Amino acid sequence: MTVTDPETQAGWVPEDETDAEDMPLSMRLSIADTLTLGNATCGFMAVYFTTTGILIPHLQGSQETGMARHSAATAVILMLLAAIFDLCDGLVARKLRSSPMGAELDNLSDLISFGLAPAYFVLVYGMVADDAHQRVSALAAIVVLLAVVLRLARFSCVTLKDGMFQGMPSPFGALTVVSIVLLELPFIPTLLAIIGVAWLMVSRVEYPKPRGVLAVAMLAWIVGAMGLLAAWAFDAPGGQVLLATGCALQVVLGAVIPLFATARRVNTFRDNRRVARAAQLP
């Protein structure tokens, strides 16, 4: 009920004495959620640097390649930083706790950092590259974005065996797509490789979850990739070669892991058939 102050005749409501502990669980942010929001921020800033440092100067007819190189490196480093946040928020959530909206926050942040940001990077590539076709690149960007959307939606609905992902994880897929663009291959091979990565993200190929030693190795790989990008951005001696080597390794990993997964599935199928046949023998 509203109470009126007789002196001021202003209406006022008694102060809510609800303690912070009584706040609904759905409104509390955990440490893991804060890391997830850092992931989303990095993805948004990657789009910002791609726009202000690459697209706008190109539309204005600027011939300054150094600025574009710095902005491209900054955008990709931000995506790598988003991948670190994405890796850490899962580890922290398992060690401490996650709020009830943690999974939704994670999916939304991943959509920004590993769906929108790399798709936009592909779109801008199609606008600024000499041999690219803008409309075809836009189509490829849409394919990447929809692949991430479908993958994240399936991840929320499908229960898989512990320790495995179905389809290429979106952070790995985003970094592979960006690596393909940075390799500066001819347009058609670049386009086909990007579509191939998008297909892997929605495929049923199993990928191991980054835990334990694998998580440490992934973190080391991401930090090393940041160093390669920094060397390329500041035109260090051999920076271009180092960046091309790192991007090539990322693409090779993206192609090799599905082969190992397929071989393992075939071997498991053969073993199961062998056991079934042995059980049928008298």
Side-chain angles (χ1 to χ4, degrees), residues 72 76 79-80 82-84 86-87 110 113-115 117-119 121-122 125-126 129 131-132 136-137 139-152 154-155 160 163-211 213-229 232 240-270:
V76 179
M79 292 184 216
L80 289 167
I84 292 179
D86 184 62
L87 178 64
D110 286 354
S113 298
F114 312 124
F121 199 82
V122 171
Y125 154 76
D131 63 338
V136 180
S137 299
L139 179 61
I142 292 173
V143 170
V144 170
L145 179 62
L146 294 182
V148 175
V149 170
L150 292 172
R151 196 208 174 285
L152 293 174
R154 185 178 65 185
F155 178 76
L160 300 174
M164 300 300 295
F165 286 121
Q166 188 177 80
M168 179 182 286
S170 53
F172 193 86
L175 299 180
T176 305
V177 166
V178 171
S179 296
I180 293 169
V181 174
L182 291 177
L183 280 173
E184 297 182 351
L185 300 173
F187 178 71
I188 297 301
T190 298
L191 180 68
L192 294 177
I194 289 173
I195 294 177
V197 174
W199 177 81
L200 284 174
M201 283 194 280
V202 298
S203 70
R204 295 186 178 181
V205 177
E206 293 183 345
Y207 286 77
K209 290 185 177 181
R211 296 178 179 175
V213 177
L214 184 58
V216 175
M218 180 173 292
L219 181 61
W221 172 254
I222 292 174
V223 173
M226 287 181 174
L228 295 178
L229 284 162
W232 174 65
Q240 182 69 41
V241 176
L242 290 173
L243 178 68
T245 302
C247 291
L249 287 174
Q250 176 73 31
V251 175
V252 169
L253 284 174
V256 168
I257 291 178
L259 295 180
F260 279 111
T262 302
R264 183 178 58 187
R265 179 177 295 181
V266 171
N267 291 334
T268 301
F269 177 74
R270 289 177 177 174

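Computed from a predicted structure; not experimentally measured. Any value given below was found using the heavy atoms of this structure, including those in side chains, with hydrogens, waters and symmetry copies removed.
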[X] [atom1] to [Y] [atom2] distance, which is reported to the nearest 0.5 Å:
{"X": "S170", "Y": "L150", "atom1": "OG", "atom2": "CG", "value": "12.5 Å"}
{"X": "L229", "Y": "L80", "atom1": "CG", "atom2": "CG", "value": "6.0 Å"}
{"X": "L182", "Y": "Q240", "atom1": "CG", "atom2": "CD", "value": "9.0 Å"}
{"X": "L145", "Y": "I142", "atom1": "CG", "atom2": "CD1", "value": "8.0 Å"}
{"X": "I195", "Y": "L200", "atom1": "CD1", "atom2": "CG", "value": "12.5 Å"}
{"X": "L228", "Y": "L249", "atom1": "CG", "atom2": "CG", "value": "9.0 Å"}

- request: Please name all residues satisfying side chain to side chain donor-acceptor pair (under 3.5 Å) with S179, sequence neighbours left out, ordered by chain then number.
  value: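 With neighbours one apart ignored, the set is empty.
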query: Who passes side chain to side chain donor-acceptor pair (under 3.5 Å) against E184, sequence neighbours left out?
result: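 Here no residue qualifies.
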- request: Go through the steps for M79 and V177 under the test side chain to side chain contact (heavy atoms under 4.5 Å, CB included), then give the verdict.
  value: CA-CA 12 Å; M79 292 184 216; V177 166; over 6 Å; no
field: Plane angle bin for F187 and Y125 - parallel if under 30°, tilted between 30 and 60°, otherwise perpendicular
entry: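 Geometry flag for F187 against Y125: parallel rings.
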Residue pair [X] / [Y]: nearest heavy atoms and the distance that separates them:
{"X": "S113", "Y": "P118", "result": "O-CD, 3.3 Å"}
{"X": "A119", "Y": "A141", "result": "O-CB, 3.1 Å"}
{"X": "M201", "Y": "V144", "result": "CE-O, 4.4 Å"}
{"X": "Y207", "Y": "G254", "result": "OH-O, 4.1 Å"}
{"X": "Q166", "Y": "R151", "result": "O-NH2, 3.6 Å"}
{"X": "D131", "Y": "P186", "result": "OD2-CA, 3.8 Å"}

- request: Take M168 and V205 through the test side chain to side chain contact (heavy atoms under 4.5 Å, CB included) and record every step on the way to the result.
  value: CA-CA 7 Å; M168 179 182 286; V205 177; over 6 Å; no
Test log, rule side chain to side chain contact (heavy atoms under 4.5 Å, CB included), inputs L152 and F114: CA-CA 10 Å; L152 293 174; F114 312 124; over 6 Å; no
- prompt: Should V181 and I194 be marked as a side chain to side chain contact (heavy atoms under 4.5 Å, CB included) after you check the CA-CA gap, both sets of side-chain angles, and the distance that decides it?
  reply: CA-CA 8 Å; V181 174; I194 289 173; 4.1 Å; yes
